[in-house]
Protein chains: 2
Amino acid sequence: MTKDTHHQPTLQDVADLCGVSTATVSRCLNAPDRVGKDTLERVLAAVSALGYAPNFGARLMAAGRSNTIGAVIPTMENAIFAQGLQVFQDTLRQAGFTLLVASSGYDPKIEAEQIRTLASRGADGLLLIGHERDASVYEFLASRQLPTLLAWAYRDKAPHPSIGFDNTAAMAELAETVLAHGHRRIGYISADPTANDRAAERLAGLRATLQRNGFSQDALSLVTTGYGVETGAQAFRQLMALPNRPTAVMCGNDVLAAGAMGAAHGLGLKVPLDVSITGFDDIELARVTTPGLTTVHVPHTAMGARAAAALVAAVSNGSDLISEKLPTRVVQRGTLGAAP
Amino acid sequence: MTKDTHHQPTLQDVADLCGVSTATVSRCLNAPDRVGKDTLERVLAAVSALGYAPNFGARLMAAGRSNTIGAVIPTMENAIFAQGLQVFQDTLRQAGFTLLVASSGYDPKIEAEQIRTLASRGADGLLLIGHERDASVYEFLASRQLPTLLAWAYRDKAPHPSIGFDNTAAMAELAETVLAHGHRRIGYISADPTANDRAAERLAGLRATLQRNGFSQDALSLVTTGYGVETGAQAFRQLMALPNRPTAVMCGNDVLAAGAMGAAHGLGLKVPLDVSITGFDDIELARVTTPGLTTVHVPHTAMGARAAAALVAAVSNGSDLISEKLPTRVVQRGTLGAAP
DNA sequence: TTCACCAATGCAAGCGCTTACATTGCCAAT
DNA sequence: ATTGGCAATGTAAGCGCTTGCATTGGTGAA
């Protein structure tokens, strides 16, 4: 037998086939200008003839770079991050990078674990959602010198670079709009703000707006809940059962709002005649409900593209990651009406 | 200086710290039962003290295994695959595997490229969507001996193992239900069936049902379109502009159906009084429209979990991947009514 | 003609880990 | 008391690639 097992072709095979050293072949692939023109041609021919593809592990090991960017997102289950992530991946792909995605289920423990996993797989850079996480995680990142960009959030004073929008201001703007419609009793459905800084900031934006407009604490009925459509529906029913039910129910995101819409329908309440509902994120869901959801439009596409470009630059040229604040805007679609 | 650069701890560091060989440390991590109990303890303590994490590249290289499963899905942009994928990842994680996701944008060229990328990154197994792809891709997979499981589809005679459901039969069942409501002119909105075998099978199921029930070709008005909510809406308007407009519009998936719902509302058509609409997949969207979408429920969760378990088994024990057919069922929610 | 220089290429040392094989030492069976 | 067997551990050979340094040979300047 010439060959016992059916191996993948290696650099050596290519080198043998054209009578050069592995070093030359490697250079043909990674620094073509450091090689003679005819040699280059011959080697590339051999490469494609053999169907050679470099072994990722070996390359990672020898070069210490993987051309991979990792992303840890809270969930893949709904569309909140999907659109931005899709663009993120497309942009990376065009730059010759691969995306590794992991999701944490909104659990900081799992997130930390996933970050470590991605790092140990040689991710050259990381995309994370939001600012808030344990100091040990940031220490880990620093010790690895891993370029890390935070997204879906932006803070002025933030110690880590982020690309996103101002959750607080965006929700404040929406809240102003709601108040302008004459609503005086506001319900708010939020994901747990202690474990989710975007949720916390949005809630803060709402609170600040209420206060600024001279409302008392009682004007706000807060329900904290989970992340699905169903939990949104449940929270909405809870709010409607209140003695002094709110005339407008604002939701921390579109998924919760969609649930609220469903629950309203189930209760026989007309939106926005009987009750107004608002969301946040402007995902596909928001265009699909009847009437369309009044929500905050978030620049998913721009965010994904800019984040990818920034990380690629940081990884390739070592350029610094700089924070960027993208604009949001309130989108009126129909679920917000005048207070009854 | 004791150390010039700020290196990650290596196996050697751990070994030095507890006075054993790297082999022993390696065994502690990979085959704890082949090591003395006290040694194990000491080593694990050192591991966590140093914050040691194995270098992925080195491990991949030495062991030829990565504990990684790759998945190439058509899109992350909507929820069609998200739920199944989330479960898939969770199950993998619990088995100590990592998921690498890539999306192809429904483009076979990109899919092939992504498959190669994942393979070269040392994915131990692959999850792909649907059966149809170029023979060269399957040859590549075979030459790599890469355990590959197809999902979201199931075929009896299929040459490759798959776990999913029978798209043809499921759509046929839904079509029977539609016909049972008295509809005689059916519109169908489909993604391009030439590039998507699930779409093709669903269409085939519908056609077969019409034929079985003695309908002529004219009973079906087909519109082929893209993948977003908006394209669904557009296709729906197209169907409503037909001289002999259909009384029921069936859609190849829930996203298209949601678009159709929106368009119907825009045209002032009451669903299901004026026109019936059906979807396929039963994703979150289907519960959010008003009225709820009548659709085909697909076992997302079971599919993701079983697929993960099967791949883990195949990769770990070399056990064969066997096809599995999961049940679907028609879910009546309200968008399907009697023909006007 | 000589020589300094440079482009093109080869040599070989790792990168950090796994694992086949070798070694050690202890216990039970003879 | 010997010794075979076995569990625990060590030794060291790669895995396939990149890259610093060495070597080669051709070029133009002196």
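Keep in mind it's a predicted model, so treat the numbers as computed, not measured. So that the names make sense, note that chain A is the first sequence line, chain B the second, and so on, each numbered from 1. Values below: all heavy atoms of this structure, side chains included; hydrogens, waters and symmetry mates excluded.
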I'd like to know if the side chain of A:Asp197 and the backbone of A:Glu132 have a donor-acceptor N/O pair within less than 3.5 Å.
yes
Output yes when at least one side-chain N/O atom of A:Ser26 is less than 4.0 Å from OP1 or OP2 of D:dT18, else no.
yes
Would you say B:Asp13's side chain and B:Thr10's backbone share a donor-acceptor pair under 3.5 angstrom?
yes
Is a donor from one side chain sitting under 3.5 angstrom from an acceptor on the other, for B:Asp192 and B:Tyr227?
no
Please verify the inter-ring angle class for A:His160 with A:Tyr138; under 30° counts as parallel, over 60° as perpendicular, anything in between as tilted.
parallel
Which whole-number value in Å describes the distance from A:Arg27 CZ to D:dT19 P?
10 Å
Can any side-chain N or O of B:Ser103 pair as donor or acceptor with the backbone N or O of B:Gly105 at less than 3.5 Å?
no
Heavy atoms under 4.0 Å, any strand shown: does A:Thr10 hit a base, just sugar-phosphate, or nothing?
sugar-phosphate
Heavy atoms of chain A, cut-off under 4.0 Å: which first and last nucleotide of DNA chain C, 5' to 3', fall inside that, if you could look?
C:dA8 to C:dG16
Within the 4.0 Å heavy-atom criterion, would you say A:Gly19 contacts the bases, only the backbone, or no part of the nucleic acid?
sugar-phosphate
Short side-chain donor-acceptor distance under 3.5 Å, A:Thr68 and A:Arg121:
no
Nucleotide D:dG14, atom P - distance to CD of A:Gln12 in whole Å:
14 Å
Where along residues 48-63 of chain A does a heavy atom fall under 4.0 Å from DNA chain C?
A:Met61, A:Ala62
Of A:Leu127, A:Leu85, A:Leu128, which meets side-chain contact (heavy atoms from CB on, under 4.5 Å) against A:Ile73?
A:Leu85
Enumerate the residues from residues 28-38 of chain A whose closest heavy atom to DNA chain C is under 4.0 Å, giving them by residue number; use none for an empty result.
A:Arg34, A:Val35, A:Gly36
Are any non-hydrogen side-chain atoms of A:Tyr106 and A:Asn196 less than 4.5 angstrom apart?
yes
Of the options A:Val35, A:Val14, A:Thr24, A:Val47, which is the one that meets A:Leu29 in a side-chain contact (heavy atoms from CB on, under 4.5 Å)?
A:Val47
Taking A:Asn317's backbone N and O only, do any of them form a donor-acceptor pair with A:Ser319's side chain (distance below 3.5 Å, no angle check)?
no
A:Ser323 (side chain) donor-acceptor with A:Ser162 (main chain) under 3.5 angstrom
yes
